[in-house]
Amino acid sequence: MSSSPFSYSYRDGIRKGFLLKRFKYIFIPFLIFSGIYSGLAVSGFLDAENRSFGSLPSVLFQHIFLAGFHGYFVVIIFQFYILFYLFKKFLDQWNPLTVITVSFIINVAYLGFFNFVGKIESIPLSGIIWSSFNWLPFVGWLFYFSLAYYCGRNIEQFKALLAKHKVWVSTLPLVLMGIVLFLYHSEIIPVSDSKRIDMLLLTTFLFFGLYQFASRLQRVPRSLLLISDYSFGIYLVHWFYLHLMAQLLQAASLSLGYFTIPVLFLGALTFSIITVYLLNRVRVGKFVVGQIGKGRSATPVQVERSTTGEVPA
């Protein structure tokens, strides 16, 4: 959904250095953490039981190109940065309803193939294709991109539609959740991940509902602003602290019961923020965990309420 603030912020044109800036502060940190987590996987430092026995270059290749670790979403996001850069002027000219409809059909056809067609052994590299390429290429997310793009670009019309259909926006997520559960438990769509075709509509209406809720807030909580500023660094770092803390609890034979999850969550969040903050105090730190302090006006809701009217580059 990052295309929504992009289309809002860059309605008058893309600024110079758009891709270069994101390469430096998003893709380079992704590459660095691909290397870090590859080294940890091969060494078994954080998880000896699930240690990877592949060579470091092979694990690194998997992490960068085959969604081998949780940072894979950066590859998806970067594909849309490039699409946004190349096709913005065309998207502004084309009919939004046509683009959204065609994107939805393409997305459903693509995900539907992987949902309903099992791995075809005769196809070379079928294991990799069915495990990674159902979510890594941009076509698996095309509907979200096009919908969010036009929602951000036409923010006033979007808000008016949400207000007009607020009953549907509030109730449809619950109905769609029920449909998803029914299709899963009846094994019509037995896939258990976010790349199910029925998730397209559920995710869409959850986004509508959350946006409608956020629009009603008089003030964004400071804690959310803090997390927003540090979100990319948290995304990269948190997995390290989750595993480290879990290993320490296990080594100490300390059982927290139901408190394990909140303790791990708060601990990983806190240590991640501290790590990102400290690294950003060093000149090269922003190339490792990304920049901080750039996210407070990153969404249409926040930009509208900015007293300065400034929009991040």
Side-chain angles (χ1 to χ4, degrees), residues 1-3 30 33-34 37-38 40-42 44 46-83 99-148 172-207 235 239 242-243:
M1 292 299 180
S2 60
S3 58
F30 162 74
F33 271 87
S34 294
Y37 284 112
S38 295
L40 292 173
V42 171
L46 291 180
D47 192 352
E49 293 183 4
N50 296 310
R51 176 184 176 185
S52 172
F53 291 98
S55 65
L56 181 59
S58 115
V59 174
L60 181 60
F61 180 86
Q62 293 175 37
H63 280 191
I64 295 174
F65 298 105
L66 300 177
F69 83 116
H70 70 276
Y72 75 89
F73 206 76
V74 172
V75 177
I76 296 169
I77 291 174
F78 229 87
Q79 292 176 76
F80 286 109
Y81 288 159
I82 296 171
L83 287 176
V99 175
I100 292 171
T101 302
V102 172
S103 298
F104 181 76
I105 293 171
I106 293 172
N107 218 148
V108 168
Y110 183 80
L111 293 181
F113 175 80
F114 290 103
N115 282 184
F116 297 111
V117 179
K119 184 172 67 173
I120 303 174
E121 300 291 348
S122 59
I123 296 179
L125 303 177
S126 59
I128 293 174
I129 292 172
W130 259 259
S131 65
S132 300
F133 278 75
N134 64 330
W135 57 24
L136 210 50
F138 69 89
V139 287
W141 308 83
L142 191 60
F143 171 65
Y144 296 135
F145 168 76
S146 59
L147 177 66
L172 267 178
L174 296 175
V175 175
L176 291 167
M177 283 181 193
I179 293 174
V180 169
L181 289 173
F182 169 76
L183 293 174
Y184 175 72
H185 288 291
S186 62
E187 298 190 353
I188 295 174
I189 306 179
V191 180
S192 179
D193 61 36
S194 62
K195 313 311 177 297
R196 299 163 51 99
I197 57 174
D198 50 2
M199 290 297 292
L200 290 171
L201 291 178
L202 175 57
T203 303
T204 297
F205 279 93
L206 283 174
F207 167 66
Y235 170 64
W239 199 250
L242 279 178
H243 276 271

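Along the sequence shown, residues are numbered consecutively beginning with 1.
D198 places none of its side-chain heavy atoms less than 4.5 Å from the side chain of Y184. A heavy-atom distance below 4.5 Å is found between the side chains of F73 and Y235. With contacts defined as side-chain heavy-atom distances shorter than 4.5 Å, the pair L136/F65 does not qualify.
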Handout entry: ring-ring contact (aromatic ring centres under 6.0 Å, His included) assessment of F69 paired with W239
Key = CA-CA 10 Å; F69 83 116; W239 199 250; 9.8 Å; no

Exercise for the section: Tell me, with the steps shown, if W130 and I123 meet side chain to side chain contact (heavy atoms under 4.5 Å, CB included). Expected result: CA-CA 11 Å; W130 259 259; I123 296 179; 4.1 Å; yes

Exercise for the section: I would like to know whether I188 and F182 meet side chain to side chain contact (heavy atoms under 4.5 Å, CB included); could you show each step before the answer? Expected result: CA-CA 8 Å; I188 295 174; F182 169 76; 4.1 Å; yes

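Atom CG of L200 is separated from atom CH2 of W141 by 9.5 Å, given to the nearest 0.5 angstrom. In this structure, the separation between CD1 on I179 and CD1 on I189 is 10.5 Å, given to the nearest 0.5 Å. Taking CG of L181 as the start and CG of L176 as the end, the distance is 11.0 Å to the nearest 0.5 Å. The line from CG of L206 to CG of L201 is 11.0 Å long, rounded to the nearest 0.5 Å. Interatomic distance, OH of Y72 versus CH2 of W135, reported as 5.0 Å (0.5 Å rounding). Separating the CZ atom in F207 from the CG atom in L147 is a distance of 7.0 Å, to the nearest 0.5 Å.
R196 contributes no side-chain N or O that, together with a main-chain N or O of L183, makes up a donor-acceptor pair within less than 3.5 Å.
Contact detail for L60 and S38: the closest heavy-atom pair is CA-OG, 3.3 Å.
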Less than 3.5 Å apart, which donor and acceptor atoms pair up between the side chains of residues 99-121 and the rest of the protein, not counting sequence neighbours?
{"residue": "T101", "atom": "OG1", "partner": "L97", "partner atom": "O", "Å": "2.7"}
{"residue": "S103", "atom": "OG", "partner": "V99", "partner atom": "O", "Å": "2.7"}
{"residue": "S103", "atom": "OG", "partner": "S146", "partner atom": "OG", "Å": "3.2"}
{"residue": "N107", "atom": "OD1", "partner": "L142", "partner atom": "N", "Å": "3.1"}
{"residue": "N107", "atom": "OD1", "partner": "F143", "partner atom": "N", "Å": "2.9"}
{"residue": "N107", "atom": "ND2", "partner": "V139", "partner atom": "O", "Å": "3.2"}
{"residue": "N107", "atom": "ND2", "partner": "G140", "partner atom": "O", "Å": "3.0"}
{"residue": "Y110", "atom": "OH", "partner": "F133", "partner atom": "O", "Å": "2.1"}
{"residue": "N115", "atom": "OD1", "partner": "I197", "partner atom": "N", "Å": "2.9"}
{"residue": "N115", "atom": "ND2", "partner": "L111", "partner atom": "O", "Å": "3.3"}
{"residue": "N115", "atom": "ND2", "partner": "K195", "partner atom": "O", "Å": "3.2"}

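Outside the 6.0 Å centre-distance limit, the rings of F33 and H63 are not counted as a close aromatic pair.
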